[in-house]
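Down below is the structure, laid out as structure tokens.
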Number of protein chains: 2
Amino acid sequence: MATRTDAPTRREQILKEAARLFAERGFHGVGVDEIGAAVGISGPGLYRHFAGKDAMLAELLVGISGQLLTGAKRRLAEADGVASEAVLDSLIEGHIDFALDDRPLITLHDRELDRLRDSDRKLVRQLQRQYVELWVGVLREVHPGLAEPAARSAVHSVFGLLNSTPHLGRPGSLPGRGATAQLLHRMARGAFEAAGAE
Amino acid sequence: MATRTDAPTRREQILKEAARLFAERGFHGVGVDEIGAAVGISGPGLYRHFAGKDAMLAELLVGISGQLLTGAKRRLAEADGVASEAVLDSLIEGHIDFALDDRPLITLHDRELDRLRDSDRKLVRQLQRQYVELWVGVLREVHPGLAEPAARSAVHSVFGLLNSTPHLGRPGSLPGRGATAQLLHRMARGAFEAAGAE
DNA sequence: CCCTCAGGTTAACGACCGCTAACCTCCCTG
DNA sequence: CAGGGAGGTTAGCGGTCGTTAACCTGAGGG
């Protein structure tokens with residue numbers, strides 16, 4: 001993967017600040033003037049980069065869902081012939097990285113979906129569903145006794161566990177990123193194992 | 001506990017509908033006219049019962065936090081001399097009951113806190129903190145090896161897991177309330193045990 | 001039998017917000 | 001060195017929203 005080293009574009013700046021603000025005060029709670037101010041331009045200047053406030057949210061949510069799904073597919077492809085447990089660990093690791101590095105996005109992801117236009121919402125939901133089903137498939141290889149509906153519930157619940165990072169206090173009060181990641185990983189595995197034990 | 005059998009007051013109707021609407025579309029996404037319509041009166045009629053829209057949200061959030069804390073304290077008091085594991089199970093059970101029965105409130109609880117006036121927000125946060133610390137205390141009796149910061153993180157994460165119920169599909173697609181409650185309970189226990197195993 | 005008051009109603013005000021219009025100003029390029 | 005587009009600016013429009021004001025009504029009590 002080509003890691004970005006060049007400066008972020010204005011568009012990217014806007015998206016990042018918008019994500020932070022939306023996560024902090026909700027989509028309707030943030031005005032375009034505030035988003036503009038956060039990147040040093042004023043309100044209507046944003047319309048040179050986005051069709052409207054809705055478009056920013058849409059691009060954020062589609063981007064998140066797509067990124068999660070793409071990452072998961074890649075991890076699945078890389079692990080060809082590897083034990084299912086290792087694949088599940090890889091999925092967990094990827095999700096934790098995302099939850100720890102992009103907390104505002106994780107917050108938006110399950111909070112502002114209903115503010116989207118119908119077509120965008122359908123797209124996001126479809127990406128989310130694919131992501132969930134991918135997890136469900138791997139999980140049921142590791143725990144064959146788990147029925148599909150229960151597996152799906154378990155996956156959603158573990159997402160809830162992993163996505164709890166925004167509630168873990170501001171970065172700094174934590175025991176350190178590595179330790180937190182390990183703790184979350186152990187807990188996710190423990191939760192799955194407990195789900196699998198009928 | 002005195003179980004209510006008499007008809008709900010108008011105030012209670014309003015709070016219930018407001019909670020549902022706030023959970024569905026966010027605090028700023030719902031107008032007072034909609035809340036009024038949901039209980040059969042029109043917009044400004046609400047002001048005979050509440051000082052304003054903010055006051056409804058405040059009463060909801062304070063109520064939720066207080067209810068959770070009160071329930072937990074009661075469970076702790078009832079279990080005098082009982083094994084710590086059983087107390088932890090009782091706490092989990094109480095939280096699951098709440099998460100399954102009052103999904104809109106659970107959604108609001110960690111989503112709209114920042115929309116409150118300073119004083120109300122402080123009160124809610126204080127109640128939440130007490131609730132968390134109560135769990136942390138019991139958890140560290142069950143798993144003495146768990147350091148306090150890790151225990152607190154673990155508790156927050158399990159809350160995330162248990163509060164995932166709104167994502168589990170509308171009631172009906174689930175394998176049934178009892179089975180879902182049991183699954184969540186097993187997963188919470190599993191997550192805690194994995195957290196305790198250094 | 002009137003008075004009161006709880007609990008509604010509609011009209012309207014002021015603030016705010018998303019967005020557009022009109023204009024300006026560099027910078028790049030032929 | 002003209003010119004044009006990218007990326008800003010401010011002014012302002014139209015709609016929405018929370019809230020208040022003024023008024024209405026039906027039930028209960030002295």
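Because the structure is predicted, anything quoted here is derived from the model rather than measured. Letters A, B, ... mirror the listed sequences (proteins, then strands); counts begin at 1.
Between A:Asp33 atom CG and C:dG18 atom C1' the separation is 9 Å, expressed in whole Å. What separates NE2 of B:His49 from C1' of C:dC5 is a distance of 14 Å, to the nearest Å. Atom CZ in A:Phe22 sits about 9 Å away from atom P in C:dG18, given to the nearest Å. Atom OH in B:Tyr47 sits about 14 Å away from atom C1' in C:dA12, given to the nearest Å. Rounding to whole angstrom units, CZ of residue A:Arg10 and P of C:dC26 are separated by 16 Å. Atom P of nucleotide D:dC17 and atom CZ of B:Phe27 are separated by 13 Å, given to the nearest angstrom. Atom pair B:Arg48:CZ and C:dA6:C1' shows a separation of 8 Å (rounding to whole Å applied). Rounded to an integer number of Å, the gap from CG of B:Leu46 to C1' of D:dC17 is 13 Å.
Checking D:dT10, C:dA22, D:dT19 against the side-chain heavy atoms of B:Pro44 singles out D:dT19 as nearest. With D:dG8, D:dC23, C:dC19 as the candidates, the nucleotide lying closest to the side chain of A:Ile41 is D:dG8.
Here the rule is side-chain contact (heavy atoms from CB on, under 4.5 Å) with A:Phe27, and of A:Leu108, A:Asp54, A:Leu116, A:Asp114 only A:Asp54 fits it.
A pairwise comparison of heavy atoms in B:Leu161 and B:Ser164 identifies O-OG, 2.6 Å as the closest pair.
Both B:Gly40 and A:Val32 lie near DNA chain C, and the one whose nearest nucleotide falls closer to the 5' end is B:Gly40. Nearest-nucleotide positions on DNA chain D for A:Ser42 and B:Ala51 put A:Ser42 closer to the 5' end. Heavy-atom nearest nucleotides on DNA chain C were determined for B:Gly45 and for A:Asp54, and the one closer to the 5' end corresponds to B:Gly45.
Within the model, atoms CD1 of B:Ile96 and CG of B:Leu183 stand 9.0 Å from one another, a figure rounded to the nearest 0.5 Å.
Residue contacts for B:Gly43: at a heavy-atom cut-off of 4.0 Å it reaches no nucleic acid atom on any strand shown. Within the nucleic acid shown, A:Val30 comes within 4.0 Å of sugar-phosphate atoms alone, with no base atom in reach, counting heavy atoms only.
Outside the 6.0 Å centre-distance limit, the rings of A:His167 and B:Phe159 are not counted as a close aromatic pair.
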For residues 40-49 of chain B, dump all side-chain donor-acceptor pairs below 3.5 Å to protein atoms at least two apart in sequence or in another chain.
none

